[in-house]
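To start, the structure itself, in structure tokens.
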Amino acid sequence: MTEPTAVLLMAYGTPYQESDIRGYYTNIRHGQEPPKPLMDQLVGRYKAIGLPSPLARITTAQRDGLQAALDKAHPGAYKVYEGLKYITPFIQDAVDQIAADGITRVIGLPLAPQYSSYSSEDYHNRARKAIEAHPGMEYLPVRSWWNHQELIHFWSDQLVAKKDLTDRPDTKVIFSAHSLPLRIIQGGDPYKDEVIGLSNAVARAAGLNEDQYILAWQSAGRTEEPWIGPDFVTVAKDLITESGMKTIVSASIGFIADNLEICYDVDMELAKAIESAGGTLTRLNMPNDSPALIATLRQVVEEAKAE
Ligand code: FEC
């Protein structure tokens with residue numbers, strides 16, 4: 001039997017319990033312990049959504065769903081591993097396990113649809129560094145996969161189902177993605193263009209015209225430097241108080257799972273801001289481990305293997 005190919009599914013990771021938060025946050029801050037006010041804020045956000053964030057369960061369900069889909073299409077050809085950036089099982093742990101299983105060909109697949117040096121490339125760099133300890137391993141990095149039809153239709157199908165609402169003149173769809181420090185985009189990173197590409201593709205597939213939707217940015221980090229804007233909370237409030245909108249339909253297309261940035265930043269922070277401005281929020285479901293997301297990931301793996 002030929003050797004299977006490893007699929008290294010890489011995700012952000014989330015603290016499993018309150019005592020994990022400090023180490024997790026320190027890892028995100030490149031080894032710098034968070035000051036108390038930032039730490040307290042983050043603990044408060046996790047407590048508000050309830051620990052653990054659904055991300056832990058969903059990442060594992062995505063791994064299992066992808067394994068099942070690959071087993072069905074190509075029995076015995078792939079073994080899927082989960083490797084996280086900021087908490088166990090770390091990317092390095094997964095690479096060591098792949099080596100222990102005697103597999104030498106690894107497809108690196110970040111669970112972030114748009115490419116950016118801050119997210120996707122960082123996942124790949126961590127994987128490449130771990131692989132250095134295992135001479136003879138071949139690494140096939142997946143760059144980005146936002147333009148897969150199944151993913152685009154996952155979002156547009158929900159908008160089509162809400163056509164009665166989105167066609168009303170007092171409804172606006174806000175597409176959003178994680179903000180990043182502006183300097184990265186000014187340095188030529190394609191992240192913003194890929195997010196614009198996805199929002200336009202979803203809007204086209206849903207039959208929305210340009211007046212019916214807007215792209216904004218969410219969840220900017222707590223750092224001094226400027227991040228990509230406008231922020232979706234400001235945009236939503238202005239749409240209600242200045243442009244006469246009553247309903248905001250939120251589609252966080254830059255993410256693929258329910259996580260802190262969805263359960264807190266959208267479901268609590270954005271919802272509260274919209275409500276205080278006198279409007280209502282409708283949020284689209286996230287792909288999570290839906291058949292559409294699993295089919296997308298399966299295609300991405302098949303394409304990476306064929307290259
Ligand atoms: O559900 C969960 O517990 C995990 C939620 C989570 C996801 C996520 C995704 C992305 N982030 C990206 C960029 C940055 C940059 C900084 C940053 C900081 C944080 C902090 C937490 C956090 N992120 Fe995150 N991110 C998640 C959670 N993120 C917690 C620290 C507190 C805060 O600032 O809010 C700033 C780091 C720095 O200071 O250098 C930059 C990007 C993504 C989407 C791609 C991906 O998933 O990899 C980009 C989910």
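Each ligand, and each atom within it, is numbered from 1 in the order the structure gives.
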What atoms in ligand 1 come closer than 4.0 Å to a heavy atom of [X]?
X      : answer
Leu180 : 48 (C)
Tyr24  : 3 (O), 4 (C), 27 (C)
Gly13  : 4 (C)
Tyr118 : 40 (C)
Asn259 : 1 (O), 49 (C)
Gly221 : 33 (O)

At under 4.0 Å between heavy atoms, which part of [X] makes contact with ligand 1: side chain, backbone, both or neither?
X      : result
Thr223 : side chain
Trp227 : side chain
Leu55  : side chain

Do ligand 1 and [X] have nitrogen or oxygen atoms that lie under 3.5 Å from each other?
X      : value
Tyr123 : yes
Thr14  : yes
Arg45  : yes
Ser53  : yes
Leu260 : yes

Notebook entry, point to check: Just going by heavy-atom distances, which of Tyr46, Tyr86, Phe255, Tyr25 is nearest to atom 3 (O) of ligand 1?
Noted result: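 Considering heavy atoms of Tyr46, Tyr86, Phe255, Tyr25, the nearest to atom 3 (O) of ligand 1 sits in Tyr46.
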
Notebook entry, point to check: Using a distance-only test with no angle check, is there a side-chain donor-acceptor pair under 3.5 angstrom linking Glu261 and Ser252?
Noted result: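 Ser252 and Glu261 do not have a side-chain donor-acceptor pair below 3.5 Å.
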
Check: Can a donor-acceptor pair be found between the side chains of Gln212 and Thr166 at a distance below 3.5 Å?
Finding: no

Next item on the list: Show your reasoning for whether side chain to side chain donor-acceptor pair (under 3.5 Å) applies to Gln97 and Asp101.
Entry: CA-CA 6 Å; Gln97 188 58 52; Asp101 291 347; 3.0 Å; yes

Notebook entry, point to check: With a cut-off of 2.8 Å, does any N, O or S atom of Ser219 fall short of it relative to atom 24 (Fe) of ligand 1?
Noted result: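 Coordinating: no.
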
Notebook entry, point to check: Does some side-chain heavy atom of Tyr86 sit less than 4.5 Å from a side-chain heavy atom of Pro15?
Noted result: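 A side-chain contact is absent here, since even the closest heavy-atom pair is not under 4.5 Å.
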
Item checked: 4.5 Å side-chain heavy-atom contact, Arg29 and Pro35 -> yes

Notebook entry, point to check: When clusters are formed by joining ILVMFWY residues with side-chain heavy atoms under 4.5 Å apart, either directly or through shared neighbours, do Met10 and Ile294 land in the same one?
Noted result: no

Check: Hey, does the side chain of Asp211 reach the backbone of Asn209 with a donor-acceptor pair shorter than 3.5 angstrom?
Finding: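 Checked: no pair found.
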
For [atom], which protein heavy atom lies nearest, and how many Å away is it?
atom                    : value
atom 27 (C) of ligand 1 : Tyr12 CE2, 3.4 Å
atom 37 (C) of ligand 1 : Ile28 O, 4.2 Å
atom 42 (C) of ligand 1 : His178 CD2, 3.6 Å
atom 29 (C) of ligand 1 : Leu42 CD1, 3.4 Å
atom 39 (O) of ligand 1 : His30 NE2, 3.5 Å
atom 34 (O) of ligand 1 : Arg222 NH1, 3.1 Å

Checklist line | Point-to-point distance, once rounded to the nearest 0.5 Å, from OH of Tyr46 to CG of Leu260 | finding: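 One finds 4.5 Å between OH of Tyr46 and CG of Leu260.
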
Next item on the list: Kindly compute the distance separating NZ (Lys172) from OG1 (Thr247), expressed to the nearest 0.5 Å.
Entry: 13.0 Å

Note to self: So if I apply the side-chain hydrogen bond (donor to acceptor under 3.5 Å, both in side chains) rule between Tyr139 and each of Glu132, Arg128, His124, Arg105, which one comes out positive?
What the structure shows: His124

Next item on the list: Could you check whether the rings of Phe175 and Tyr213 sit parallel, tilted or perpendicular, using 30° and 60° as the cut-offs?
Entry: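 The rings of Phe175 and Tyr213 stand perpendicular, inter-plane angle above 60°.
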
Checklist line | Cation-pi, Tyr115 ring and Arg143 (6.0 angstrom, 45 degrees) | finding: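 Yes, Arg143 lies over the aromatic ring of Tyr115.
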
Check: Is it true that Glu261 lies under 4.0 Å from ligand 1, counting heavy atoms only?
Finding: yes

Check: Would one find more than 12 heavy atoms of other residues, nucleotides or ligands at under 6.0 Å from atom NZ of Lys85?
Finding: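 Check passes, neighbour count above 12.
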
Checklist line | Pair Asp258 + Arg283, salt bridge at N-O below 4.0 Å | finding: yes

